[in-house]
**Student:** 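Supplied in structure tokens, the structure appears directly below.
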2 protein chains.
Amino acid sequence: MSKDRTKIFKALSDLNRLRILKMLQTKPLCVCEITEILQLATSTVSKHLSILKEESFIIEQKEGKWVNYSINPRPSDQRVSSVLNMLDFWIDDDKLIIGDKQKVTGVDRNEICSR
Amino acid sequence: MSKDRTKIFKALSDLNRLRILKMLQTKPLCVCEITEILQLATSTVSKHLSILKEESFIIEQKEGKWVNYSINPRPSDQRVSSVLNMLDFWIDDDKLIIGDKQKVTGVDRNEICSR
DNA sequence: TTTATATTTCGTCGATTGACGAAATGAAAT
DNA sequence: ATTTCATTTCGTCAATCGACGAAATATAAA
């Protein structure tokens, strides 16, 4: 139960974690879908998700063999909800982020996973 | 002119930099005053200030041999102003931050510096 | 129960960060 | 012009971070 005031900002200090948050704004995703879009090792993506979950930016819901992650709809920490609100209109002009969002809408977990 | 989306959050990802921002909410300070309160090497404080200035959280004004730093009253980046507004009511319950603010009000640069 | 698939945990490694002191810079006082 | 004091820049070092693959875990399918 550390009171590390910087953790919330550290969670946002990585481009791949920001990409994940922006993707989840479009719709909930499982680990393998995010892995496919970011082109990182599964273990790396899982770690990023655990950091975002630790700071309550996202929540997880198990669905069979998949774990779905989504933006936390009701964060208890006001700082978290403020930042999430900001993210709605931040970095929407970024090529990378736009590309990610397009991939998100076209993604099918049954095709992408299990290779 | 890099487009590093994470820089703004990296600037806030250090406790000493958050302490500096919270102190500057009380009043403008020079490097040696901040150094005295944080109990760090001058070069370290100078580096922290340059990072905060780089992201437009703070501005500098030269006054003789001193360099005064203060919260940027009119940030052009909306993310910066949003975060600065948030900081007004964030972490005000922290012992460390409260202690810093008390020291700030009692500090005299003519006594503290030049030793 | 065995097999397959999705995810997490663990150990390692190179890159980045934050600390320092020493040296360089800039401006005021002598 | 020289000295003094505040600040910045530079090089170094230990600690942290983000990447990976391998191994462990969990659940679904066979």
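So that the names make sense, note that chain A is the first sequence line, chain B the second, and so on, each numbered from 1.
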**Student:** What is the distance, to the nearest angstrom, from the CH2 atom on B/Trp66 to the C1' atom on D/dT7?
**Tutor:**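 Rounded to whole Å, this separation is 13 Å.
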**Student:** What is the distance from CD of B/Glu54 to P of D/dT8, rounded to the nearest Å?
**Tutor:** 14 Å
**Student:** Does D/dA6 have its OP1 or OP2 closer than 4.0 Å to a side-chain nitrogen or oxygen of B/Asn68?
**Tutor:** no
**Student:** Distance check needed: D/dT7 P versus B/Leu38 CG, whole Å only.
**Tutor:**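 After rounding, the reported distance stands at 13 Å.
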**Student:** Just the rounded figure in Å: distance from P of D/dA19 to CG of A/Asn16.
**Tutor:** 5 Å
**Student:** Rounded to the nearest 0.5 Å, what separation is found between the CG atom of B/Leu52 and the CD1 atom of B/Ile20?
**Tutor:** 6.0 Å
**Student:** Side chain of B/Val67, heavy atoms from C-beta onward: which of C/dT8, D/dT8, C/dG21 has the nearest atom to it?
**Tutor:**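 Minimum distance to the B/Val67 side chain belongs to D/dT8.
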**Student:** What residues from residues 42-51 of chain B pass a heavy-atom cutoff of under 4.0 Å to DNA chain D?
**Tutor:** B/Thr42, B/Ser43, B/Ser46
**Student:** Could you tell me the separation between the CD1 atom of A/Ile112 and the P atom of C/dT7, rounded to a whole number of Å?
**Tutor:** 12 Å
**Student:** Here's a test of your reading of the structure: between A/Glu63 and A/Arg17, which maps to the more 5' nucleotide of DNA chain D?
**Tutor:**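 Mapping each residue to its closest nucleotide by heavy atoms, the 5'-most match is A/Arg17.
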**Student:** I need the CD-P distance between A/Glu33 and C/dT5, as an integer number of Å.
**Tutor:** 17 Å
**Student:** Examine C/dA6: is either OP1 or OP2 under 4.0 Å from a nitrogen or oxygen in the side chain of A/Tyr69? Give yes or no.
**Tutor:** no
**Student:** Select one nucleotide: of C/dT8, D/dA28, C/dG18, the one nearest the side-chain heavy atoms of A/Lys65.
**Tutor:** D/dA28
**Student:** Out of A/Leu24, A/Asp94, A/Ile97, A/Asp14, which one pairs with A/Arg19 under the side chain to side chain contact (heavy atoms under 4.5 Å, CB included) rule?
**Tutor:**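 So the option named by the test is A/Ile97.
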**Student:** Taking only side-chain nitrogens and oxygens of B/Arg109, does any of them come within less than 4.0 Å of OP1 or OP2 of D/dA6?
**Tutor:**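 Looking at the OP1 and OP2 atoms of D/dA6, neither is under 4.0 Å from any side-chain N or O of B/Arg109.
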**Student:** Where does the angle between the aromatic ring planes of A/Phe9 and B/Phe9 fall among parallel (under 30°), tilted (30 to 60°) and perpendicular (over 60°)?
**Tutor:** parallel
**Student:** Could you check how far NZ of A/Lys62 sits from C1' of D/dA26, rounded to whole Å?
**Tutor:**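 In whole Å, D/dA26 C1' lies 7 Å from A/Lys62 NZ.
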**Student:** How is B/Lys10 classified with respect to the nucleic acid when contacts are heavy atoms under 4.0 Å: base, sugar-phosphate, or nothing?
**Tutor:** sugar-phosphate
**Student:** SG of A/Cys113 to SG of A/Cys32, below 2.5 Å?
**Tutor:** yes
**Student:** Should we say atom NZ of B/Lys47 is surrounded by more than 12 heavy atoms from elsewhere, each under 6.0 Å from it?
**Tutor:**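 For B/Lys47, atom NZ is not crowded (no more than 12 foreign heavy atoms under 6.0 Å).
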**Student:** Taking side chain to side chain contact (heavy atoms under 4.5 Å, CB included) as the criterion, tell me which of B/Leu29, B/Thr42, B/Thr44 meets it with B/Thr35.
**Tutor:** B/Thr42
**Student:** Find the distance A/Leu29:CG to C/dA6:C1' and express it as a whole number of Å.
**Tutor:** 15 Å
**Student:** Among residues at least two apart in sequence or on other chains, which ones pass side chain to side chain contact (heavy atoms under 4.5 Å, CB included) with B/Thr6?
**Tutor:** A/Leu15, A/Leu18, B/Asp4, B/Lys10
